[in-house]
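Beneath this line is the structure, given in structure tokens, with notes to follow.
In what follows, every chain begins at residue 1, and chains take the letters A, B, ... in the order their sequences are listed. Keep in mind that this is a model prediction, so the values were computed, not measured.
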Amino acid sequence: MAGENEGSREGTLGKNLTNGFTKGQLSSESKKNTKKSKGSSKKGIETGKRNGFVNFMDEDEERSEEQSDTFAVSKSVDKPPKKKSLLEQRKQLPIWEAKDAICQKIQDNRVIVVVGETGSGKSTQIPQFLNECEYAKEGCVGITQPRRVAAVNLAKRVAQEQNTRLGDKVGYSIRFDDSTSPNTRAKYLTDGMLLRELINDPLLSQYHTLILDEAHERTLMTDMLLGFVKKIIKKRPALRVIIMSATLNAERFSEFFDGAEICFISGRQYPVQIHYTYVPEQDYMDACLRTIFQLHVKLPPGDMLVFLTGQDEIEALESLITDYAKQLPSNKLQIQACPLFASLPQEQQMLVFQPTIPNHRKIVLSTNIAETSVTISGIRYVIDTGLAKVKQFNARLGLESLTVQPISQSAARQRSGRAGREAPGQCYRLYTEADFDKLPKESTPEIKRIDLSQAVLTLKARGQNDVINFDYMDPPSKQSLVRALEHLYSIGALDDNGKINETGYQMSLIPLLPSLARAMLSAREHNCLNEVIDIVSCLSTDSMFLFPQEKREEAAEAKTKFLHSEGDHLTCLNALRVYLETSSDMRKHWCNQNFVNRRALKIILDIRKQLREHCKKANWDINDNTEVNTENILRSFLSGYISSTALLHPDGSYKTTVGNQTVSIHPSSSLFGKKVEAIMYHESVFTTKPYVRGVSSIRGNWLSAVAPHYLGRQQV
DNA sequence: GAGCACTGC
């Protein structure tokens with residue numbers, strides 16, 4: 001199917017492209033185009049409807065103004081000369097002028113909102129300013145980040161500026177890696193880590209100031225922190241809070257904190273001119289390909305960043321670009337296409353960051369990863385399809401889905417901003433201005449889109465028993481909260497009144513999904529903690545089994561030697577055990593030979609190590625069984641998957657025990673096509689139909705034994 | 001008989 005799609009896509013693309021770019025036309029068209037756009041820069045690249053060109057119009061004057069406001073254009077284009085001292089460099093940051101004002105504001109107000117664009121230096125400088133303030137003599141400032149790398153890099157930079165060893169006065173704290181000491185006065189941490197700290201220190205008493213950075217991203221963790229911090233300031237009058245946001249929706253944060261003052265910091269961002277298409281493009285892949293070549297022959301050198309939705313698209317477009325690039329005259333600028341997505345192997349990801357091949361224009365084809373997580377230097381042009389893949393959780397059906405959706409206006413601005421990091425840039429939106437205006441202003445916060453089981457457990461374990469009335473900036477639907485409560489109840493984390501019990505509290509201390517944490521607790525009783533730790537580690541990150549498009553059969557063949565008849569849980573245990581027995585100098589080779597994802601395996605081993613340490617601290621015995629007792633292992637998992645089970649019906653289909661929905665075993669599962677009495681599954685995903693993945697076989701009579709309190713009414 | 005945007009503890 002996938003192959004067929006690609007084939008037909010290539011067909012239309014090819015036709016349209018050659019309309020616009022036959023070999024002979026290439027250079028003359030490009031000349032014509034350049035002339036036109038120069039002659040009428042206000043009106044856009046007007047070329048009419050011929051030749052399959054994608055026609056863009058520029059933003060109108062008013063809109064350009066708004067854009068430059070949004071991006072707080074820096075007037076000085078020159079960069080600081082190399083030899084300047086760190087202090088002199090700091091003094092040139094836009095935020096330096098605001099130093100006294102910020103210090104004054106934070107002395108006078110308990111909460112402020114700081115809006116600063118990229119490059120303002122707010123994340124590195126404000127913590128240093130604060131530590132010089134009168135009120136901040138004792139304790140430290142905590143700066144939260146949504147991502148691990150950001151926490152580490154900011155800490156490194158500030159340690160340098162303070163001329164101190166990293167981990168001393170300036171440190172960071174992220175999962176698997178803590179670099180702080182009692183001396184630490186500026187601590188960069190992921191927001192998940194600060195949420196962890198709430199367990200042992202409910203008032204976060206070590207901090208004189210908390211800075212929630214990148215709050216506009218509205219991650220689940222940031223949103224939970226916002227609610228907790230609002231509670232804490234009522235109990236700690238001395239605590240200061242700074243909410244940092246990159247967009248102009250700061251009023252929402254200000255309102256949430258009872259009208260907190262907003263400070264605006266200008267950034268070091270160059271203007272980006274926005275271009276829209278005149279008419280909606282039917283096929284954005286086709287439009288993308290044509291736009292890339294159209295712009296390539298027209299625009300001065302400078303790399304290009306194209307936002308697409310996923311790996312398949314990126315790989316398809318990459319091969320098309322490479323094909324058509326062969327038609328470029330050899331005396332003209334050539335094209336170097338670079339794919340970029342999270343699961344791309346490290347070595348290939350590096351190509352994006354290395355200097356562009358001489359006489360080439362680098363064209364980075366990227367997912368959303370380049371919108372926030374990764375910054376690429378040299379980008380002058382952005383092409384934005386206006387789309388992204390978004391995960392959504394249907395609370396009524398308990399199904400997840402991943403669908404392509406239009407992005408928000410603020411995401412579109414974030415994308416266009418990627419063209420103006422080093423010089424003035426251009427952004428070509430493959431949609432009309434009218435369509436842009438119809439986009440939602442902000443993206444939907446994560447808390448409204450995902451399964452909240454883990455979040456609800458987190459809230460309850462930190463003293464927020466009433467999760468419906470927690471002070472959310474954007475409350476999730478009642479239905480999704482109720483579903484999470486029901487799920488937690490089904491696995492025995494809550495008592496009959498919905499309060500967290502000892503089991504639930506123990507689960508909350510384990511950094512895993514509630515279902516997997518429950519399996520671990522159950523494994524203690526079944527004397528198979530060792531095996532279950534290995535399996536939950538595998539289930540906590542991307543699959544270790546790779547299936548490259550071109551070598552699918554080879555990869556499937558390699559996987560057969562690990563297959564276990566009882567299902568996917570024991571299959572991944574088999575594979576991990578073989579890996580662990582492989583000598584360290586052979587492991588890389590083993591991975592390549594067996595189509596095993598080395599990056600996933602590294603994370604699996606990190607998680608495994610962390611879980612084993614957790615057990616050691618809790619004094620839990622990690623058994624040293626020589627023989628694997630599959631029934632004990634599966635029964636342990638069933639404690640966590642009790643509401644994720646399905647029974648085989650006479651017609652050969654599986655129907656869920658809760659909700660009686662028909663589900664199919666995903667073709668990637670080792671139980672695909674097998675008919676067993678009953679199954680439990682790690683996740684259910686809606687793609688073309690409801691599929692379950694991470695599936696293992698169970699006996700029907702295990703169900704009532706595991707959760708009589710829950711399944712009593714729906715006896716099997 | 002077929003999919004995986006991106007994070008995080």
Using a 4.0 Å heavy-atom cut-off across all strands, classify [X] as base, sugar-phosphate, or nothing.
{"X": "A/Glu217", "result": "nothing"}
{"X": "A/Ile174", "result": "sugar-phosphate"}
{"X": "A/Leu402", "result": "base"}
{"X": "A/Met193", "result": "sugar-phosphate"}
{"X": "A/Ala342", "result": "sugar-phosphate"}
{"X": "A/Thr219", "result": "nothing"}
{"X": "A/Tyr691", "result": "sugar-phosphate"}
{"X": "A/Thr688", "result": "sugar-phosphate"}

*asked:* Quick check on B/dC4: is either OP1 or OP2 less than 4.0 Å from any side-chain nitrogen or oxygen of A/Ser543?
replied: no
*asked:* Check the phosphate of B/dT7 against A/Thr372, side-chain N and O only, distance under 4.0 Å to OP1 or OP2. Yes or no?
replied: no
Nearest-nucleotide pick for [X], side chain only, options being [options]:
{"X": "A/Phe341", "options": "B/dC6, B/dC9, B/dG3", "result": "B/dC6"}
{"X": "A/Thr687", "options": "B/dC6, B/dC4, B/dC9", "result": "B/dC4"}
{"X": "A/His666", "options": "B/dG3, B/dC9, B/dC6", "result": "B/dG3"}

*Test applied, side chain to side chain contact (heavy atoms under 4.5 Å, CB included); reference residue, A/Phe307; option that passes from A/Leu430, A/Asp384, A/Leu387*: A/Asp384
Is the shortest side-chain N to carboxylate O distance from [X] to [Y] below 4.0 Å?
{"X": "A/Glu557", "Y": "A/Lys551", "answer": "no"}
{"X": "A/Arg218", "Y": "A/Asp474", "answer": "yes"}
{"X": "A/Asp534", "Y": "A/Arg608", "answer": "yes"}

_Quick check: on DNA chain B, is the nucleotide nearest A/Ile510 upstream (toward 5') of the one nearest A/Ser373, or the reverse? Name the residue that is more 5'._
A/Ser373
*Hey, is B/dC4 sitting syn or anti, using the within-90° cutoff around 0?*
syn
Please report the distance, rounded to the nearest Å, between [atom1] in [X] and [atom2] in [N].
{"X": "A/Tyr172", "N": "B/dC9", "atom1": "OH", "atom2": "P", "value": "12 Å"}
{"X": "A/Arg449", "N": "B/dC6", "atom1": "CZ", "atom2": "P", "value": "13 Å"}
{"X": "A/Asp451", "N": "B/dG8", "atom1": "CG", "atom2": "P", "value": "19 Å"}
{"X": "A/Leu195", "N": "B/dT7", "atom1": "CG", "atom2": "P", "value": "19 Å"}
{"X": "A/Asp312", "N": "B/dA5", "atom1": "CG", "atom2": "C1'", "value": "12 Å"}
{"X": "A/Gln392", "N": "B/dA5", "atom1": "CD", "atom2": "P", "value": "16 Å"}
{"X": "A/Leu399", "N": "B/dC4", "atom1": "CG", "atom2": "P", "value": "14 Å"}
{"X": "A/Gln454", "N": "B/dC9", "atom1": "CD", "atom2": "P", "value": "11 Å"}

Consider only side-chain N and O atoms of [X] and [Y], and report whether a donor and an acceptor are under 3.5 Å apart.
{"X": "A/Tyr654", "Y": "A/Gln661", "result": "no"}
{"X": "A/Asn368", "Y": "A/Lys389", "result": "no"}
{"X": "A/Thr375", "Y": "A/Arg418", "result": "yes"}

*Nearest heavy-atom pair of A/Ala555 and A/Phe547: which atoms, and what distance?*
CB-CD2, 3.9 Å
*asked:* Under the rule for salt bridge (Lys or Arg N to Asp or Glu O under 4.0 Å), what residues qualify as partners of A/Glu197, not counting sequence neighbours?
replied: A/Lys187
*Looking at B/dG8, does its base get a donor-acceptor pair with the side chain of A/Glu446 below 3.5 Å?*
no
*Would you kindly check whether a donor in the side chain of A/Gln311 faces an acceptor in the base of B/dC4, or vice versa, at under 3.5 angstrom?*
no
_If you take any heavy atom closer than 4.0 Å to DNA chain B, which residues from residues 146-155 of chain A end up in contact?_
A/Pro146, A/Arg147, A/Arg148
